[in-house]
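What follows is one structure encoded as structure tokens, with my remarks underneath.
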Amino acid sequence: MTKGRFIALEGGEGVGKSTQLRLLAQALRAQGHAVVTTREPGGTPGAEAIRALLLDPAGPGWGPRAEALLFAAARADHGERLIAPALARGEWVLTDRYLDSSRAYQGGGNGLDDADLLTLHRIGSLGLMPDRTILLELDPALAAARLVARDGGNADRIGGRDSAYHARVAAAFRAFAAAEPARFARVDADGTPEAVHARVMAAITA
Ligand code: TYD
């Protein structure tokens with residue numbers, strides 16, 4: 001049995017993560033791998049329940065610290081009940097967002113300390129990290145146009161934050177990629193889904 005790998009797709013809103021996740025899963029399955037696809041926040045019934053609490057625009061809203069704890073709690077359930085068991089079975093796990101989203105949004109966006117977020121991850125998820133993190137990067141104007149096409153302007157509670165917030169998120173992602181070049185692959189998300197997919201495959205193979 002081949003060893004499973006844990007791959008996270010990261011990036012801002014509208015960069016095409018879910019399309020690329022689908023194409024990557026298809027390609028890996030065609031190579032004979034068992035593949036589980038999932039997302040954050042979510043992936044298990046408990047984490048999906050927390051997702052609704054976090055993202056519903058009609059929900060109560062949370063302060064930055066409560067928000068970070070809820071994302072960490074969702075991730076703890078996701079890791080324990082879905083990701084770790086799949087990896088133990090030798091399957092590949094592809095997730096649409098993971099820890100670096102908390103570091104970028106709750107850290108870069110909301111100003112929480114990165115070391116605190118990593119400590120929360122150690123407490124909640126035993127520090128489980130992806131083997132590789134694909135960071136999809138796209139010019140904010142192009143990403144905004146894709147979002148209008150997808151959501152028709154109906155952003156969720158976090159997606160709807162202002163452009164300065166999203167610029168801080170993008171800068172944080174870039175800084176994490178620069179700090180950990182062995183784990184991160186930066187992929188230009190401009191172009192057709194197939195063109196971007198080819199870049200993602202090259203990043204996985206490397
Ligand atoms: P989603 O609809 O999955 O957005 P996208 O299609 O852009 O990935 O909603 C996830 C939202 O939650 C998104 O705005 C990013 C945010 N988020 C955080 O703020 N912290 C986190 O740890 C995670 C996983 C997501």
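Both ligands and their constituent atoms are indexed starting at 1 by order of listing.
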Measure [X] to ligand 1 on non-hydrogen atoms and call it side chain, backbone, both or neither using the 4.0 Å cut-off.
| X | result |
| --- | --- |
| Asp156 | side chain |
| Leu55 | side chain |
| Lys17 | side chain |

Below 4.0 Å from any atom of ligand 1, is there a heavy atom belonging to Glu67?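 For ligand 1, residue contact (heavy atoms, under 4.0 Å) with Glu67 is absent.
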Would Arg75 count as a contact of ligand 1 if the rule is a heavy atom under 4.0 Å away? yes
Are any side-chain N or O atoms of [X] and backbone N or O atoms of [Y], one a donor and one an acceptor, separated by less than 3.5 Å?
| X | Y | answer |
| --- | --- | --- |
| His166 | Gly12 | no |
| Asn110 | Leu112 | no |
| Arg132 | Ile204 | no |
| Arg168 | Gly109 | yes |

I need the single residue from Leu135, Val196, Leu9 that forms a side-chain contact (heavy atoms from CB on, under 4.5 Å) with Val187. Which is it?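 So the option named by the test is Val196.
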Ala172: partners by side chain to side chain contact (heavy atoms under 4.5 Å, CB included), with sequence neighbours left out: Ala104, Phe176
Nearest non-hydrogen contact with atom 14 (O) of ligand 1 belongs to which option: His78, Glu40, Glu13?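 Checking each option, the heavy atom nearest atom 14 (O) of ligand 1 is found in Glu13.
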Heavy-atom nearest option to atom 6 (O) of ligand 1, drawn from Arg150, Arg97, His166: Arg150
Decide if the gap between the ring center of His121 and the ring center of Phe71 is smaller than 6.0 angstrom.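 When the ring centroids of His121 and Phe71 are compared, they turn out to be at least 6.0 Å apart.
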[atom] - nearest protein heavy atom and its distance:
| atom | result |
| --- | --- |
| atom 25 (C) of ligand 1 | Phe71 CE2, 3.4 Å |
| atom 1 (P) of ligand 1 | Arg51 NH2, 3.5 Å |
| atom 19 (O) of ligand 1 | Gln106 NE2, 2.9 Å |
| atom 22 (O) of ligand 1 | Ser102 OG, 2.6 Å |

Per the salt bridge (Lys or Arg N to Asp or Glu O under 4.0 Å) rule, what does the pair list look like for residues 38-61, sequence neighbours excluded? Arg39-Glu48, Glu40-Arg75
